[in-house]
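The structure appears right after this line, and notes come after that.
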Amino acid sequence: MLTGFKNFIMKGNVVDLAVAVVMGAAFGAVVTSIVEGLLTPLIGRLFSAKGIAEMQWEGFMYGSVISSIISFLLIASAIYFVVVLPMNHMIERRNRRLGIDPDVKEESAEDPQIALLTEIRDSLQSRPL
């Protein structure tokens with residue numbers, strides 16, 4: 001029972017996901033401080049407000065929405081350039097080293113049931129009514 005749990009936990013996907021959650025939370029705090037400490041005052045001064053959160057139009061607080069969008073875009077771009085792009089390059093180098101061509105798709109063996117059903121369909125279509 002514990003061996004199965006250990007095997008489940010030690011799978012690469014579970015460990016990678018746990019690391020990603022911890023790193024994402026830590027990185028989210030960094031981006032939040034950059035947005036609130038640097039970008040919010042800069043954008044607020046451009047629009048003559050104390051900060052983005054102060055920006056409003058007839059009671060609609062659109063400044064907080066802009067702040068959230070900026071934070072999301074910064075986190076998404078950082079994850080892409082720091083994690084996704086290097087990982088894709090590593091996978092590409094590994095595939096080249098192993099001689100795997102990503103453009104060539106492996107021919108999958110046709111399921112015998114699909115082949116039989118296709119044969120039956122073609123036979124029925126060729127019969128006169």
Side-chain angles (χ1 to χ4, degrees):
M1 183 164 96
L2 289 178
T3 305
F5 179 72
K6 178 185 166 197
N7 291 339
F8 170 72
I9 292 297
M10 296 309 290
K11 282 184 180 177
N13 294 343
V14 175
V15 174
D16 292 344
L17 181 61
V19 169
V21 167
V22 171
M23 293 296 292
F27 191 73
V30 171
V31 171
T32 300
S33 68
I34 290 172
V35 169
E36 289 176 357
L38 296 175
L39 296 178
T40 299
L42 282 172
I43 294 173
R45 293 197 189 229
L46 289 173
F47 294 98
S48 301
K50 290 182 180 178
I52 292 180
E54 299 288 322
M55 295 168 56
Q56 59 181 337
W57 176 70
E58 295 190 19
F60 293 104
M61 304 291 287
Y62 67 91
S64 61
V65 174
I66 292 173
S67 178
S68 297
I69 290 171
I70 290 171
S71 180
F72 170 77
L73 291 175
L74 283 174
I75 290 173
S77 63
I79 298 243
Y80 177 76
F81 289 111
V82 173
V83 177
V84 174
L85 201 59
M87 188 63 125
N88 287 342
H89 286 296
M90 285 180 9
I91 290 170
E92 184 180 315
R93 275 189 280 146
R94 180 197 60 156
N95 287 347
R96 261 188 277 132
R97 189 180 71 235
L98 295 175
I100 299 171
D101 188 8
D103 295 332
V104 176
K105 294 183 180 179
E106 293 181 26
E107 292 183 25
S108 59
E110 188 176 11
D111 186 11
Q113 290 179 346
I114 300 292
L116 179 62
L117 289 172
T118 304
E119 234 179 271
I120 293 170
R121 180 201 64 201
D122 294 341
S123 171
L124 289 174
Q125 284 178 344
S126 65
R127 287 179 34 187
L129 293 174

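For this chain, numbers begin at 1 and follow the sequence in order.
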### Message
Which residues pass the side-chain contact (heavy atoms from CB on, under 4.5 Å) test with S68, not counting sequence neighbours?
### Response
none
#### Entry: Test side-chain contact (heavy atoms from CB on, under 4.5 Å) applied to D122 and Q125, step by step
CA-CA 5 Å; D122 294 341; Q125 284 178 344; 4.0 Å; yes
### Query
Does a sphere of radius 6.0 Å around CD in Q113 hold more than 12 heavy atoms from other residues, nucleotides or ligands, not counting ones at 6.0 Å or beyond?
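No, because the 6.0 Å sphere around CD of Q113 holds 12 heavy atoms or fewer from other groups.
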#### Entry: Qualifying salt bridge (charged side-chain N to carboxylate O under 4.0 Å, His left out) pairs, either residue in residues 61-77, two or more places apart
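Of all non-adjacent pairs touching residues 61-77, none passes salt bridge (charged side-chain N to carboxylate O under 4.0 Å, His left out).
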### Query
What closest approach, in Å, do I114 and T118 show between heavy atoms, and which atom pair accounts for it?
O-OG1, 2.7 Å
### Query
Can you list the other members of the hydrophobic cluster that holds M90, where links are side-chain heavy atoms under 4.5 angstrom apart?
M87, I91
### Any donor-acceptor pair under 3.5 Å from S123 side chain to E119 backbone
no
